[in-house]
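Proteins come first, then strands; the chains are lettered A, B, ... in the order of their sequence lines, and each starts at number 1.
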Protein chains: 2
Amino acid sequence: MWALSTYEGGTAYHHGDLRRSLIAAAQELLRSGGAEAVTLREAARLAGVSHNAPYRHFASRDALLAALAAEGFRALRRTLDEAGNRAEGPERLAALGRAYLRFADADRATFRLMFGGVVEKAAHPDLAEASGAAFGALRNVVAERDTSGGAEREALRAWALVHGLAHLVADRQIDAARAEACLS
Amino acid sequence: MWALSTYEGGTAYHHGDLRRSLIAAAQELLRSGGAEAVTLREAARLAGVSHNAPYRHFASRDALLAALAAEGFRALRRTLDEAGNRAEGPERLAALGRAYLRFADADRATFRLMFGGVVEKAAHPDLAEASGAAFGALRNVVAERDTSGGAEREALRAWALVHGLAHLVADRQIDAARAEACLS
DNA sequence: GGGGCATGTGGGCATTGTCAACATACGAGG
DNA sequence: CCTCGTATGTTGACAATGCCCACATGCCCC
């Protein structure tokens, strides 16, 4: 067969790790055409399987999107953790902010899927957990900076500021450099 | 015919103001089921016309979504203008912020359509204009507060803070009251 | 080595976006 | 008043998609 896809693998009939291949294919669709372009049948085509094979791994298209979003939250968490480990003291929060912004800028489609409300977190426990973990990482560092009485409010403000900047970047309302300059 | 829809009107064949009816129907679909639920055929059904009638008013499903988003930006601008007129001096910015948050909270689906990247502003001039006007209203008031050298940066910060809070509210990460408490 | 079960296949159905051809009515100009 | 052009709406069709069903295949455990 000409043009064997990179997402194929394993034997002819049993794929080997179709779930991962489908996610990889779907990520490519997501990044190149947005959430609308993520199609079970197209992902199956890219993975070199029949149009119904994905249903052995994802209950529905929504479940596939949820998996993509969860993957995004896990990646975001890794990014935040790394940034947090490389900085110390008062620099730490700004480092997290920069990491957050760079994540949004580097993978706008995934960021929008994560926060666009297309997938309902309540319906996908895996997603909810990944999302909670990522937010936890951010909240911890935010709260550690300010231990006074108004910590709660300040933490929320910092979070909202970064989140808003990230959305503006993802929507191309401002560019990433200008957004980074806004972090105190 | 039983169950005449509120979106119908005019004579039997020629509807009268189908464009407006379609937008109203689509808004209902948007609010009750999100952007995914906005369907040309369902909107046509609600308006009591054939499945192809909408094409006389919208070139594509995307054009209909763009019209909904533009309508949203116009409503946001009206809301911001009213809020700005009712307040004076330093209170003015906070009033705009509250209006912004309430808009996002009251019509989460429309807010997400406006900022979710589902419709490409570049492809719909009407949308781009409405969006620009709404942002202009916000930016003017933001910039008026701080006329020092760092006005640009402070304006962007204020905008991002409100925008981030609005997204968090729309995604139900925090509730509207907590968000409003964050506005200085 | 045989059977159970996870995994993949093929066909089918309803829904949708979009195109093309046709039908109808409103309004301007005679 | 009539007629004809054009805006508006209708019917029919096609491909793509999500999802369901019955069936095929092959890996693993007994």
Side-chain angles (χ1 to χ4, degrees), chain A residues 1 4-5 7-26 28-30 32-69 113 118-120 123-124, chain B residues 1 4-5 7-26 28-30 32-69 113 118-120 123-124:
Chain A
M1 196 96 58
L4 266 185
S5 158
Y7 310 112
E8 297 184 23
T11 70
Y13 204 99
H14 276 33
H15 182 284
D17 197 354
L18 181 54
R19 178 171 223 278
R20 191 160 297 278
S21 296
L22 287 171
I23 286 184
E28 193 149 311
L29 292 173
L30 174 64
S32 68
E36 306 259 328
V38 176
T39 271
L40 282 176
R41 287 173 110 110
E42 185 62 25
R45 237 166 265 141
L46 287 175
V49 292
S50 83
H51 68 231
N52 257 329
Y55 281 94
R56 300 297 157 183
H57 302 274
F58 302 98
S60 64
R61 173 177 183 266
D62 220 54
L64 173 59
L65 289 176
L68 292 184
L113 178 64
V118 179
V119 290
E120 213 48 55
H124 303 277
Chain B
M1 196 89 65
L4 267 184
S5 157
Y7 309 113
E8 297 183 23
T11 71
Y13 204 99
H14 274 32
H15 182 285
D17 198 353
L18 183 53
R19 179 172 222 275
R20 191 160 297 278
S21 295
L22 287 170
I23 287 184
E28 194 149 311
L29 293 173
L30 174 64
S32 68
E36 307 259 326
V38 177
T39 273
L40 282 177
R41 288 173 109 109
E42 185 61 24
R45 238 166 265 142
L46 287 176
V49 293
S50 82
H51 69 237
N52 253 329
Y55 281 94
R56 300 296 155 184
H57 302 273
F58 302 98
S60 64
R61 173 178 184 265
D62 220 54
L64 173 58
L65 289 176
L68 292 184
L113 178 64
V118 178
V119 291
E120 213 52 53
H124 303 277

>> Does any part of the side chain of B:R19, heavy atoms only, come nearer than 4.5 Å to the side chain of B:D17, both counted from C-beta?
In response: yes
>> Output the rounded distance in Å from CG (B:L65) to P (C:dT18).
In response: 10 Å
> In whole Å, what is the span from the CG atom of B:L29 to the P atom of C:dG17?
Replying inline: 11 Å
>> In whole Å, I'd like the distance from the CD atom of B:E36 to the P atom of C:dT16.
In response: 13 Å
> Taking for each residue the nucleotide of DNA chain D bearing the nearest heavy atom, is the 5' side occupied by B:R56 or by A:V38?
Replying inline: B:R56
>> Can you see if the side chain of B:Y55 gets near the phosphate of C:dT18 - specifically, an N or O under 4.0 Å from OP1 or OP2?
In response: yes
> Nearest to the side chain of A:L40 - D:dG18, C:dT9, C:dT18?
Replying inline: D:dG18
> When rounded to the nearest 0.5 angstrom, what is the spacing between CZ in B:F58 and CG in B:L22?
Replying inline: 5.5 Å
> According to a strict under-4.0 Å criterion, is B:R45 in side-chain N/O contact with OP1 or OP2 of C:dT16?
Replying inline: yes
>> Measuring from atom CZ of A:R45 to atom OG of A:S50, what distance do you get when rounded to the nearest 0.5 angstrom?
In response: 11.0 Å
> Using a cut-off of 4.0 Å on non-hydrogen atoms, how would the nucleic acid contact of B:T39 be classed: base, sugar-phosphate, or nothing?
Replying inline: sugar-phosphate
> Could you state the CG-P distance from B:L64 to C:dT16, rounded to the nearest angstrom?
Replying inline: 14 Å
> Is a donor-acceptor pair below 3.5 Å formed from side chain A:R19 to base C:dT7, judging by atom type as modelled?
Replying inline: no
> What is the distance, rounded to the nearest whole Å, between atom CZ of B:R41 and atom P of D:dA16?
Replying inline: 16 Å
> Starting at CG of B:N52 and ending at P of C:dA23, how long is that distance when rounded to a whole Å?
Replying inline: 16 Å
>> Mind checking if B:H57 touches a base, just sugar-phosphate, or nothing, with heavy atoms under 4.0 Å?
In response: sugar-phosphate
> How long is the line joining CD of B:E42 and P of C:dT18, in whole Å?
Replying inline: 16 Å
> Side chain of A:H51: nearest nucleotide among C:dT18, C:dG10, C:dG8?
Replying inline: C:dG10
> What is the distance from atom OG of A:S21 to atom NE2 of A:H57, rounded to the nearest 0.5 Å?
Replying inline: 9.0 Å
> Taking all atoms of both residues into account, what is the closest heavy-atom pair of A:L40 and A:S60, and its distance?
Replying inline: CD1-C, 4.1 Å
>> Using a 4.0 Å heavy-atom cut-off, does A:R61 contact any base of the nucleic acid, only the sugar-phosphate backbone, or nothing at all?
In response: sugar-phosphate
